[in-house]
Protein chains: 2
Amino acid sequence: MNQKIDQFDKKILQLLQEDARMSHAEIGRKVHLSQPAVSERIKRLESNRVIRGYRAEINPKALGYDITAMIRVSTQQGRPYADYVANCPEIIDCYTVTGEDGAVMRVLATDVDHLQRIINELNAFGSTSTAIVLTTHVSGKSIAVPNVD
Amino acid sequence: MNQKIDQFDKKILQLLQEDARMSHAEIGRKVHLSQPAVSERIKRLESNRVIRGYRAEINPKALGYDITAMIRVSTQQGRPYADYVANCPEIIDCYTVTGEDGAVMRVLATDVDHLQRIINELNAFGSTSTAIVLTTHVSGKSIAVPNVD
DNA sequence: GTTGAAATAAAAAACAA
DNA sequence: TTGTTTTTTATTTCAAC
């Protein structure tokens with residue numbers, strides 16, 4: 001099940017993180033491998049769950065989401081929130097973390113009224129602390145593969 | 001530059017967020033549109049920057065990153081961190097937010113020593129507060145397109 | 001928006017190191 | 001096992017409508 005990631009895999013993963021729709025032939029040209037060899041390696045990386053999937057990255061503003069917020073929820077002895085989070089379309093990321101804040105979430109809202117409604121819902125799970133995102137410096141940066149030299 | 005997103009675009013964006021490598025012909029079958037019509041719409045969504053790009057989603061654990069942490073940095077009157085953040089491979093997400101925490105970051109580390117080194121570096125920009133991620137409930141959930149009915 | 005032809009890419013097969 | 005080239009199938013691009 002586990003595999004060792006060699007320099008070819010490392011480069012392939014870098015390229016697919018930058019452009020998931022790059023053709024296997026073009027990847028092959030860049031890494032100096034034939035198209036079937038690249039396809040074979042990608043298939044193995046997929047079945048080993050090194051590659052989890054391929055996602056189009058959408059601009060939230062273009063869809064009317066003018067506000068991104070980070071909401072921390074102190075969830076100690078609160079009711080379970082996993083199902084709620086999974087089904088709430090505004091919650092894009094949600095992590096259970098150590099410390100007094102049980103959960104950290106990234107949410108999208110169309111306007112402040114919308115954000116208020118989301119916060120009201122989340123208050124059912126614990127006290128919340130909301131910070132509005134002013135600048136997104138990086139979001140979903142490519143993961144660097146540790147050196148295998 | 002701006003465009004109205006109709007029900008076809010909405011479905012196309014949903015499908016590409018789930019699987020960015022789905023063929024345009026298959027998308028066409030699902031939305032009941034010809035393949036060139038789908039390609040045309042996708043090209044428009046790309047050039048209007050509704051679609052920002054296509055990314056392979058990589059499993060950090062598979063690459064040796066056993067720890068994910070949320071680090072908050074109180075950066076008031078601190079030195080600028082945008083360049084550092086852009087070039088630090090362990091910082092995957094970084095947001096400047098309102099409130100006393102100037103910045104919220106998601107970082108990957110191979111082990112606690114590695115995490116400690118990252119925190120030490122970040123302390124140059126302000127006092128830090130670190131919470132280790134115990135569970136990732138959702139990360140990069142598909143953005144729902146608001147109704148256009 | 002559609003169909004249909006040409007170019008390109010992916011998958012399958014046969015085989016070499 | 002991991003790679004190569006060749007062949008077949010699928011997809012994308014580019015007309016013309």
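From a predicted model like this one, the values you see are computed outputs, not experimental measurements. Naming convention: chains lettered A, B, ... in sequence-line order (proteins, then strands); numbering from 1 in each chain.
Closest contact between the side chain of A/Ser23 and the listed nucleotides D/dT4, D/dG3, C/dA10 involves C/dA10. In the set C/dA11, D/dT13, C/dT2, C/dT2 carries the atom at the smallest distance from any side-chain atom of B/Ala37. Of the candidates C/dG1, C/dA10, D/dG3, C/dG1 carries the atom nearest the B/Leu33 side chain, counting heavy atoms from C-beta on. Side-chain proximity of A/Arg41 to C/dT2, D/dT12, D/dG3: nearest is D/dG3.
A straight line from NZ of A/Lys43 to P of C/dA9 spans 18 Å, rounded to a whole angstrom. Separating the CD atom of A/Gln7 from the P atom of D/dT2 is a distance of 16 Å, rounded to the nearest angstrom. Following rounding to the nearest Å, B/His24 (NE2) and C/dA7 (C1') show an atom-to-atom distance of 16 Å. Rounded to an integer number of Å, the gap from A/Ile5 CD1 to D/dT2 P is 12 Å. Protein atom CD1 of A/Ile42 is 9 Å distant from nucleotide atom P of C/dA11, rounded to whole Å. In this structure, the NE2 atom of B/His32 is 17 Å from the C1' atom of C/dT2, given to the nearest Å.
Projected onto DNA chain C by closest heavy-atom contact, B/Val38 and A/Gln35 fall at different nucleotides, the more 5' of which corresponds to B/Val38. Summary of the strand contacts: A/Arg44 and B/Met22 both lie near DNA chain D, and taking for each the nucleotide with the nearest heavy atom, the more 5' one is attributed to A/Arg44.
The distance from atom CZ of B/Arg106 to atom CE of B/Met70, rounded to the nearest 0.5 Å, is 7.0 Å.
Within the nucleic acid shown, A/Arg29 comes within 4.0 Å of sugar-phosphate atoms alone, with no base atom in reach, counting heavy atoms only. Contact annotation for A/Ser34: base contact, defined as any heavy-atom pair under 4.0 Å involving a base atom. No engagement by A/Glu40 is indicated, since no non-hydrogen atom pair under 4.0 Å with the nucleic acid exists.
The pair B/Asp9-B/Arg44 meets the salt-bridge criterion, since a charged nitrogen lies less than 4.0 angstrom from a carboxylate oxygen.
Between the side chain of A/Glu26 and the base of C/dA9, no donor-acceptor pair under 3.5 Å is found.
Atom CG of A/Asn120 sits in a crowded spot, with more than 12 heavy atoms from other residues, nucleotides or ligands closer than 6.0 Å.
A/Val107 has its side chain out of reach of A/Thr68: every pair of non-hydrogen atoms, C-beta onward, lies at least 4.5 Å apart.
The shortest non-hydrogen separation linking B/Met22 to A/Arg21 is O-NH1, 3.1 Å.
Taking side-chain N and O atoms only, B/Arg21 has no distance below 4.0 Å to OP1 or OP2 of D/dT11.
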